[in-house]
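None of these values were measured; they are calculated from a predicted model.
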Amino acid sequence: KERKDMQVIFLTARDLEEDMLRGYDMGAEDYVTKPFSMKVLIKKINIILKRNTGSSGLDFDDGFLRVDFEKAKIEGKILEGIVTMCDSQTLDLHVDLYGIDGIIKREECVYCDTIKDIAIITRVGKPVSFKVLQIIKSENGRPVVLLSRREAQRECVNNYLMDLIPGDIIPAKITHFEPFGAFVDVGCGVASLLSIDSISVSRIASPSERFVLREELKVVVKSVDYE
């Protein structure tokens, strides 16, 4: 950076983990890989500008949205929002909650024992499910909603996925492709593999011959790891 007060967003085709981490180490506010949504990019820019100017850009006098989040917290509801950026220092995820800043701390990003940085960084620009943990105020008095994707995934696993048996038909959404198959979201971001030999009765070279990213479909459960 030539100026310390300049905010930088990387727009690049380099999508390897080491490139992303190098970008954040260089001081980037965010790292966006191609292809990207222009609407999401504009939202990222607006949020970065709000954070650095101290302007909330929203009138909280009637408390309407706050009441909704308080209710969601009390009832333990699972909500969904778009991740707009990943903090370059803490790797916390920021979620747009209709103008209110939602934050998923690094340790609350994934329901697993070991959290990989790439699993957090690649959530940017994508929808995530979460539960409301707490509503606090920032230093400038704006409300900030602390969220947990981990708790949403934990509930999905314990109250839904662990009750499945082979042969059950469930909804899923394509998240990304590999030569050996397609990974699908089977609930709250919990990933499962749809192997290439299970995709088509005819031989195919790639899962992309049958599906497109974010396509919603029905799948049959082959097995469940209850451990």
Colleague: Checking Lys126 side chain against Thr122 main chain: does a donor-acceptor pair fall under 3.5 Å?
Modeller: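 The answer is yes, because a donor-acceptor pair under 3.5 Å joins these two groups.
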Colleague: Is Glu108 reaching over with its side chain to a backbone N or O of Arg150, donor-acceptor style, under 3.5 angstrom?
Modeller: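 No, Glu108 side chain to Arg150 backbone: no donor-acceptor pair under 3.5 Å.
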Colleague: Hey, could you give me the CD1/OG1 distance between Ile120 and Thr90, rounded to the nearest 0.5 Å?
Modeller: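 Output value for this atom pair is 9.0 Å.
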Colleague: Which of parallel (below 30°), tilted (30 to 60°) and perpendicular (above 60°) describes Tyr24 and Tyr31?
Modeller: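 Geometry flag for Tyr31 against Tyr24: tilted rings.
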Colleague: If I take atom CD1 from residue Ile104 and atom CG from residue Leu91, how far apart are they, to the nearest 0.5 angstrom?
Modeller: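 Those atoms lie 13.0 Å apart.
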Colleague: Let me confirm one number: the CG-CD1 distance from Asp185 to Ile174, rounded to the nearest 0.5 Å.
Modeller: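 So the CG of Asp185 and the CD1 of Ile174 are separated by 10.5 Å.
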Colleague: Does Thr84 reach the main-chain N or O of His94 with its side chain, forming a donor-acceptor pair under 3.5 Å?
Modeller: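 Yes: the side chain of Thr84 pairs with the backbone of His94.
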Colleague: For Lys116, is there an ion pair with Glu17 - N to carboxylate O distance below 4.0 angstrom?
Modeller: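 Judged by the 4.0 Å cut-off on N to carboxylate O distance, Glu17 and Lys116 do not form a salt bridge.
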Colleague: Can you check whether Arg123 reaches Cys109 side chain to side chain, under 4.5 Å on heavy atoms?
Modeller: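 Not in contact.
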Colleague: Looking at every heavy atom in both Val128 and Phe130, which two are closest together, and how far apart are they?
Modeller: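 Heavy atoms of Val128 and Phe130 come nearest at O-CD2, 3.6 Å.
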Colleague: Out of curiosity, does Ile165 fall in the hydrophobic cluster containing Val220 (side-chain heavy atoms, cut-off under 4.5 Å, transitive links)?
Modeller: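 No, because Val220 and Ile165 fall into different hydrophobic clusters, even though each may have its own neighbours under 4.5 Å.
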Colleague: Is the shortest distance from a Lys or Arg side-chain nitrogen in Asp19 or Arg22 to a carboxylate oxygen in the other one below 4.0 Å?
Modeller: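 Yes, Asp19 and Arg22 are salt-bridged.
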Colleague: Checking Ser200 side chain against Arg203 main chain: does a donor-acceptor pair fall under 3.5 Å?
Modeller: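 The answer is no, because no donor-acceptor pair under 3.5 Å joins these two groups.
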Colleague: Do Ile135 and Glu70 have side chains that approach each other closer than 4.5 Å (heavy atoms only, starting at C-beta)?
Modeller: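 Side-chain contact under 4.5 Å: yes.
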Colleague: Would you call Tyr160 and Val186 a side-chain contact if the rule is heavy atoms closer than 4.5 Å?
Modeller: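 Contact flag for Tyr160/Val186 side chains = no.
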Colleague: Got a second to check how far Thr12's OG1 is from Lys34's NZ, nearest 0.5 Å?
Modeller: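 With rounding to 0.5 Å, OG1 (Thr12) is 7.0 Å from NZ (Lys34).
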Colleague: Does a sphere of radius 6.0 Å around CD in Glu18 hold more than 12 heavy atoms from other residues, nucleotides or ligands, not counting ones at 6.0 Å or beyond?
Modeller: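 Atom CD in Glu18 is packed in, count exceeds 12.
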Colleague: Do Ile196 and Leu213 share a hydrophobic cluster (ILVMFWY, side-chain heavy atoms under 4.5 Å, transitive)?
Modeller: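 Yes: a chain of side-chain contacts under 4.5 Å links Ile196 to Leu213.
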Colleague: Walk me through it: do Tyr111 and Glu151 pass the test side-chain contact (heavy atoms from CB on, under 4.5 Å)?
Modeller: CA-CA 7 Å; Tyr111 178 45; Glu151 288 303 314; over 6 Å; no
Colleague: Please report the shortest heavy-atom distance between Cys86 and Asp30, naming the atom on each side.
Modeller: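 It is N-OD1, 4.0 Å.
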Colleague: I want to check something: taking the side chain as every heavy atom from C-beta on, are Leu146 and Ile136 in contact at a cut-off of under 4.5 Å?
Modeller: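 Touching, per the 4.5 Å side-chain cut-off.
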Colleague: Do Leu161 and Asp163 have side-chain heavy atoms sitting under 4.5 Å apart?
Modeller: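 Counting from C-beta outward, Leu161 and Asp163 never come under 4.5 Å.
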Colleague: Any idea which heavy atoms bring Ser88 and Ala28 closest together, and the distance?
Modeller: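 Shortest heavy-atom separation between Ser88 and Ala28 comes out as CB-O, 2.9 Å.
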Colleague: Carefully, step by step, assess Ile82 and Asp96 under the rule side-chain contact (heavy atoms from CB on, under 4.5 Å).
Modeller: CA-CA 6 Å; Ile82 301 293; Asp96 179 28; 5.6 Å; no
Colleague: May I have the step-by-step check of side-chain contact (heavy atoms from CB on, under 4.5 Å) for Arg210 and Ile204, ending in yes or no?
Modeller: CA-CA 8 Å; Arg210 293 292 184 271; Ile204 57 175; 3.4 Å; yes
Colleague: With the threshold set at 4.0 Å, does a side-chain nitrogen-carboxylate oxygen contact exist between Arg106 and Asp117?
Modeller: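 Counted as a salt bridge, because a side-chain N and a carboxylate O are separated by less than 4.0 Å.
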Colleague: Treating Ile, Leu, Val, Met, Phe, Trp and Tyr as nodes and any side-chain heavy-atom pair under 4.5 angstrom as an edge, say whether Met162 and Val190 lie in one connected cluster.
Modeller: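 Same cluster.
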Colleague: Hydrophobic clustering (ILVMFWY, side-chain heavy atoms < 4.5 Å, transitive) - are Leu194 and Leu164 grouped together?
Modeller: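 Linked within one cluster.
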Colleague: Looking only at atom types and distance, does a side-chain atom of Ser37 sit under 3.5 Å from a main-chain N or O of Val40, one as donor and one as acceptor?
Modeller: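 The answer is yes, because a donor-acceptor pair under 3.5 Å joins these two groups.
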Colleague: Between Ile103 and Val145, does a side-chain contact (heavy atoms from CB on, under 4.5 Å) hold up when you go through it step by step?
Modeller: CA-CA 6 Å; Ile103 297 178; Val145 185; over 6 Å; no
Colleague: Less than 4.5 Å apart, any side-chain heavy atom of Ile74 and any of Val132?
Modeller: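 No, their side chains stay 4.5 Å or more apart.
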Colleague: Looking at Glu80 and Ser129, would you say the former's side chain and the latter's main chain have a donor-acceptor pair under 3.5 Å?
Modeller: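 A pair under 3.5 Å: no.
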Colleague: If you round to the nearest 0.5 Å, how far is CD of Glu216 from NZ of Lys173?
Modeller: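 Spacing of NZ (Lys173) from CD (Glu216) equals 5.0 Å.
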Colleague: If you measure from SG on Cys156 to CZ on Arg149, what distance do you get to the nearest 0.5 Å?
Modeller: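 Between Cys156 SG and Arg149 CZ, I get 11.0 Å after rounding to 0.5 Å.
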Colleague: Would you say that more than 12 heavy atoms from the other residues, nucleotides or ligands in this model lie under 6.0 Å from the NZ of Lys222, or not?
Modeller: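 For Lys222, atom NZ is not crowded (no more than 12 foreign heavy atoms under 6.0 Å).
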Colleague: Do Ile199 and Phe183 land in one hydrophobic cluster if side-chain heavy atoms of ILVMFWY residues count as linked below 4.5 Å?
Modeller: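 No, separate clusters.
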Colleague: Using every non-hydrogen atom in the two residues, find where Pro166 and Ser223 come nearest and quote the distance to one decimal.
Modeller: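 Taking every non-hydrogen atom into account, CG-CA, 4.3 Å.
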Colleague: Answer yes when Glu107 and Lys105 have at least one side-chain N-carboxylate O distance shorter than 4.0 Å, and no when they do not.
Modeller: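 Looking at Glu107 and Lys105, the cut-off is not met.
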Colleague: Ignoring hydrogens, what is the shortest heavy-atom contact between Ile100 and Phe69? Give both atom names and the distance.
Modeller: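 Nearest pair, atom of Ile100 first, then Phe69: CD1-CE1, 3.9 Å.
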Colleague: Could you check whether atom CD1 of Ile169 has more than 12 heavy atoms from other residues, nucleotides or ligands sitting under 6.0 Å from it?
Modeller: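 Count not over threshold, so no.
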Colleague: Please answer whether the main-chain N or O of Ala152 pairs with a side-chain N or O of Glu155 as donor and acceptor at a distance below 3.5 Å.
Modeller: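 Side chain of Glu155 to backbone of Ala152: no pair is present.
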